[in-house]
Amino acid sequence: MPFSEHATIDPRHPRPTGPASARDLGRHAETPYADALDRHVSRAPIQLMVPGHGGEAEGLAARLADFIGERPLQLDVPMLLDGIDLGADSPLERSLGLAADAWGARRTWFLTGGASQANRIAALAVRGLGAGILSQRSAHSSFSDGILSAGLAPSFVLPSVDAAHGIAHGVSPAALDEALSEAAHDGRPANAVYVISPSYFGAVADVEGLARVAHAHGAPLIVDGAWGPHFGFHPGLPDSPARLGADLVVSSTHKLGGSLTQSAMLHLGDSPFADRLEPLIERAVSMTASTSSSALLLASLDIARHSLVTGEAQIGRSIAVSEAFRDALRVDPRFAVLSDGFDRFDDIVATDPLRVPIDVSATGVSGHWLRQHLIDVDGIYFEMSTATSLVALIGAGRTPDLDRVLGALVSAVESAEAGFERAMAGASDFPPLPPSGSLRRLPRDAFFADTELVPADRAIGRVSADTLAAYPPGIPNVIPGEEITAQTVAFLQAVAASPSGYVRGAADPAVSCFRVTRDD
């Protein structure tokens, strides 16, 4: 029987109530910006302006129109048009106001540079509050880029780590409080805090508790919620971080919210820091945004907001199908659901039901091999793999054919067991995470310093000019300005030598040399 015919929602997931009922659903039936583009196209305008294709499927644009259709060309209009995005009460402004209401924010910005742009904006904005930033060590590289650009002085709090699977989770309020107190004691008080929730594997942190701790230390809380744009739109989902007290929320709307790839939002919470942050964000948006932002991406954000607010029933079906998939995995001894063990970690308070992390370690087959086999043989693409796991991502409102997925997964394992192909690799081969070296220079200063490549043994004790992160678990082991230690060198080289590991940012695959500053 198909999953969708017998699916049930797992009662272990939190079911917040209120956000959806508090919205004016009648208002959210509108899509002001997308409707304005429709009106523009309906006039059949003659465009003697950019973009060069002029919205027409002829000339040099004929091949492009064959590829994507003429309609996207017609909708691909430039910025600063009356009736679309000009004026204080333009369709774009109304769409932004609806988005802020939908996610419980004071103000929302539409972005066409992805959550990476939002991370850089957040870093630039909080620099206006001071140079100190306390960041979860497993922050996305785009936030590290923001630290460099803004000239922030970082200190770090380590997330909890599932050593058996090489997975980084989140930060508990107690761990954050300890890290903030320690930073202040060392003369490095934090002017802002950056954490991640949910994780790549669907682990949800106690955002409300983290916000209380950050605010008690006089710092706003930035939440990288890139993987949770759908939160708050169904009782079976965790709530939106902006409604839980976060001051800034990075939202990668395209990931599970249904907008086009590269579109994202940044939400400003209605918090004690909002008055100070708002003009800083506005300036940072101006610095990072294109002056030719894609109307198609902006319209997709407007439509995604409408679909999420009005699509509770469809989201419920996605949750039900996802839970049925979990149930089917649980009855097969070769598989397990990784999130079933999340209660072992005190930083995890909930799980995103639309993420299904599958433990494949009992199969004896590498998750990397399984993912590639399913792509090559069955045309099934999992979001990611590790040596011991696969992660399935189910977009809000989708009900994919998970019967077919489970059948292909079982078939792949059985073909490996029969000896046709096999790939063994375990995350347990990796040594423990080493402590980071001391921060001897600001990351920005080290990044722009005069540098040289030196052999690994000569790099020990020197200052790194690069960010190096071993996968798994993807936590930066050294950032620009930090001292390179013997333990870090040994760890990075061990991971690089493993069949299932690699080091992002390394000068060579074996990590035989390091880029260091010359004048340290």
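A heavy-atom distance below 4.5 Å is not found between the side chains of V249 and S240. Side-chain atoms of H267 and S251, non-hydrogen and from C-beta on, do get closer than 4.5 Å to each other. Counting only heavy atoms from C-beta outward, the side chains of D224 and Q136 never approach each other to under 4.5 Å. In this structure, the side chains of I475 and V161 come closer than 4.5 Å at one or more pairs of heavy atoms. Between V413 and F335, the closest side-chain pair of non-hydrogen atoms falls below 4.5 Å. Side-chain atoms of D177 and H217, non-hydrogen and from C-beta on, do get closer than 4.5 Å to each other. The shortest side-chain heavy-atom distance between W109 and I281 falls under the 4.5 Å cut-off. P220 is listed as a side-chain neighbour of L277, based on a closest heavy-atom distance under 4.5 Å.
Without hydrogens or angle criteria, R371 side chain to F382 main chain gives a donor-acceptor distance under 3.5 Å. Judged by distance alone, the side chain of S300 and the main-chain N or O of L297 form a donor-acceptor pair under 3.5 Å. Side chain of D247 to main chain of G269: no donor-acceptor pair is present (N/O by atom type, distance under 3.5 Å, no hydrogens or angles). In this structure a side-chain-to-backbone donor-acceptor pair under 3.5 Å is missing from E208 to L244. Formation of a donor-acceptor pair under 3.5 Å by the H140 side chain with backbone atoms of S142 is found in this model. No side-chain donor-acceptor contact under 3.5 Å links D359 to the backbone of A336. A donor-acceptor pair under 3.5 Å links the side-chain atoms of S318 to the main chain of R398, judged by distance alone. Not a single donor-acceptor pair under 3.5 Å links the side chain of W227 to the backbone N or O of F201. Between the side chain of Q262 and the backbone N or O of T112, at least one donor-acceptor pair lies under 3.5 Å. Judged purely by atom type and a 3.5 angstrom limit, S307 uses its side chain to pair as donor or acceptor with the backbone of I303.
Once rounded to the nearest 0.5 Å, the distance linking NE2 of H28 with CG of L98 reads 5.5 Å. To the nearest 0.5 Å, the span separating CD1 on I348 from OG on S172 amounts to 11.0 Å. Between the CG atom of N119 and the CD atom of Q117 there is a distance of 10.5 Å, given to the nearest 0.5 Å. Interatomic distance, OG1 of T31 versus CG of L301, reported as 12.5 Å (0.5 Å rounding). A distance of 8.0 Å separates OG1 of T310 from CG of L25, quoted to the nearest 0.5 Å. Distance OH/Y33 to CG/L298: 4.5 Å, rounded to 0.5 Å.
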**Study point:** side-chain contact (heavy atoms from CB on, under 4.5 Å) between L409 and I358, worked out
**Key:** CA-CA 11 Å; L409 189 58; I358 307 169; 4.3 Å; yes
Point to revise | Pair L176-L134, side-chain contact (heavy atoms from CB on, under 4.5 Å): steps then yes or no | key: CA-CA 9 Å; L176 178 61; L134 180 74; 3.5 Å; yes
**Study point:** Residues L329, L406; criterion side-chain contact (heavy atoms from CB on, under 4.5 Å); working and verdict
**Key:** CA-CA 8 Å; L329 291 164; L406 184 62; 3.8 Å; yes
Point to revise | salt bridge (charged side-chain N to carboxylate O under 4.0 Å, His left out) assessment of E414 paired with R334 | key: CA-CA 10 Å; E414 288 175 349; R334 292 169 294 188; 3.6 Å; yes
Review point. Run the side-chain contact (heavy atoms from CB on, under 4.5 Å) check on D352 and L237 step by step: do they pass?
Key: CA-CA 7 Å; D352 177 7; L237 294 171; 4.0 Å; yes
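Closest approach of E323 and P353 over heavy atoms only: OE2-CB, 3.7 Å. When every heavy atom of R355 is checked against every heavy atom of Y200, the shortest pair comes out as NH1-O, 2.8 Å. The minimum heavy-atom distance linking P154 with I479 is given by the pair CG-CD1, 4.1 Å. Annotation for Y471 and R504: closest pair OH-NH1, 2.9 Å, computed over non-hydrogen atoms. For the residue pair S252 and P229, the shortest heavy atom distance occurs at O-CG, 3.5 Å. Minimum heavy-atom separation, A412 to L374: CB-CD2, 4.4 Å.
A cation-pi arrangement is found for R137 relative to F156, the charged atom lying closer than 6.0 Å to the ring centre and inside a 45° cone about the ring normal.
Considering T288, V250, L266, T253 in turn, L266 is the only one that fulfils the side-chain contact (heavy atoms from CB on, under 4.5 Å) rule with L111.
S322 and R326 share a donor-acceptor pair across their side chains, judged by distance under 3.5 Å alone. No side-chain N or O of H254 forms a donor-acceptor pair with one of S259 less than 3.5 Å apart. Side chains of N477 and T488: a donor-acceptor N/O pair is absent below 3.5 angstrom, by distance only. Residues H368 and S385 bring a donor and an acceptor atom of their side chains to less than 3.5 Å of each other.
Relative orientation of the H169 and F342 rings is perpendicular, given thresholds of 30° and 60° on the angle between their planes.
Between F273 and H215, the ring center distance clears the sub-6.0 Å criterion.
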